[in-house]
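We use all heavy atoms of the structure for the numbers below, so side chains are in, but hydrogens, waters and symmetry mates are not.
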Amino acid sequence: MPDWLGLDAQRVLVAGGAGTLGAALVGGFLDAGATVGVIDVSADAMAALDPRVTVRLQADLSGAATSRAAVTGARQELGGLDAFVHCVGINDRKPIESYSAAEWDRIIAVNLTSAFHTGAEAAVGMRDQRHGRIVFFSSVAGRSGHKLHGPYAATKGAINQLMRVLAHEYAAHGVTANAVAPGYMDTTLTRDYLAANPDKRAALVELIPAGRFGHLQEVVDPVLFLCSPRASFITGQVLYVDGGRTIV
């Protein structure tokens, strides 16, 4: 990774950093010279992370108190926080009428409640130090009305708006907030879905002008840029990393 990004010695926290995409992000930050902490619900997955990860906190971020406490604890262990990435999300593809109240509540809590409370807690510390970068993971589903994505799409659309308000409120304090919205990527969520529905792959690929799913590195690099000093005048933006999915 080129050193022009200026991530060397930056203190970075990745929520959901032990998942497929999260672990790729963690590796990217480490290779760029950052000091990295991870919050994840899975202790086993965190144990398998790169040994260069200096802070590992197990926490279920679906609740307000645990979200804020986890960010506060990680910030203290890292000695401050220069960049925060929220990469937490679940989905359950089915018709809107098929979701129970409990299923709706769970997806909202994991995807959106966690983003609100971790993002707010990260922003407060960054405001006090007068600099910081916050990146939320959104999705093309936050913009488009994809079938079978009701609660998930609602959370991603809400995250886009949360990000914009946060960006507005903290811009004068040197804090930027942006979102990265991947299209169909080679992640665990996608693999699990296609394993259960192998006949869907061709139809999904057909929707992408680039003619393929995205590779993990193709979303890692934009996140590293947005978290770097080089992106100091970019805030309140949703960056679609989708092979052209949202242009058709």
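Between the side chains of Asp60 and Thr66, no donor-acceptor pair is found at a separation under 3.5 Å.
Leu166 is not connected to Ile234 by any chain of hydrophobic side-chain contacts under 4.5 Å among Ile, Leu, Val, Met, Phe, Trp and Tyr, and they are in different clusters.
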Tell me which donor-acceptor pairs under 3.5 Å the side chains of residues 79-90 have, and how far apart each pair is, sequence neighbours excluded?
from  : atom 1 : to     : atom 2 : distance (Å)
Asp82 : OD1    : Arg11  : NH2    : 3.1
Asp82 : OD1    : His131 : NE2    : 3.4
Asp82 : OD2    : Arg11  : N      : 2.8
Asp82 : OD2    : Arg11  : NE     : 2.9
His86 : NE2    : Ser114 : OG     : 2.8
His86 : NE2    : Ala115 : N      : 3.3

Less than 3.5 Å apart, which donor and acceptor atoms pair up between the side chains of residues 119-128 and the rest of the protein, not counting sequence neighbours?
from   : atom 1 : to    : atom 2 : distance (Å)
Glu121 : OE1    : Arg68 : NH1    : 3.3
Glu121 : OE2    : Thr72 : OG1    : 3.0
Glu121 : OE2    : Arg75 : NH2    : 3.2

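Listed by chain and number, the residues in a salt bridge (charged side-chain N to carboxylate O under 4.0 Å, His left out) with Lys94 are Asp92, Glu103 (sequence neighbours excluded).
With a 4.5 Å cut-off between side-chain heavy atoms of Ile, Leu, Val, Met, Phe, Trp and Tyr, the cluster of Phe233 takes in none.
In this structure the side chain of Asp105 never reaches within 4.5 angstrom of the side chain of Tyr99, judged on heavy atoms.
The salt bridge (charged side-chain N to carboxylate O under 4.0 Å, His left out) analysis of residues 177-186, with sequence neighbours excluded, yields the pairs Asp186-Arg191. Within the structure, the salt bridge (charged side-chain N to carboxylate O under 4.0 Å, His left out) test picks out no pair touching residues 131-158 (sequence neighbours left out).
The minimum heavy-atom distance between Ala32 and Leu224, with the atom names listed, is CB-CD2, 4.3 Å.
A salt bridge does not link Arg201 with Glu206: every distance from a Lys NZ or Arg NE/NH1/NH2 to an Asp or Glu carboxylate oxygen is 4.0 Å or more. Ion pairing between Arg93 and Asp192 fails under the 4.0 Å rule for side-chain N and carboxylate O.
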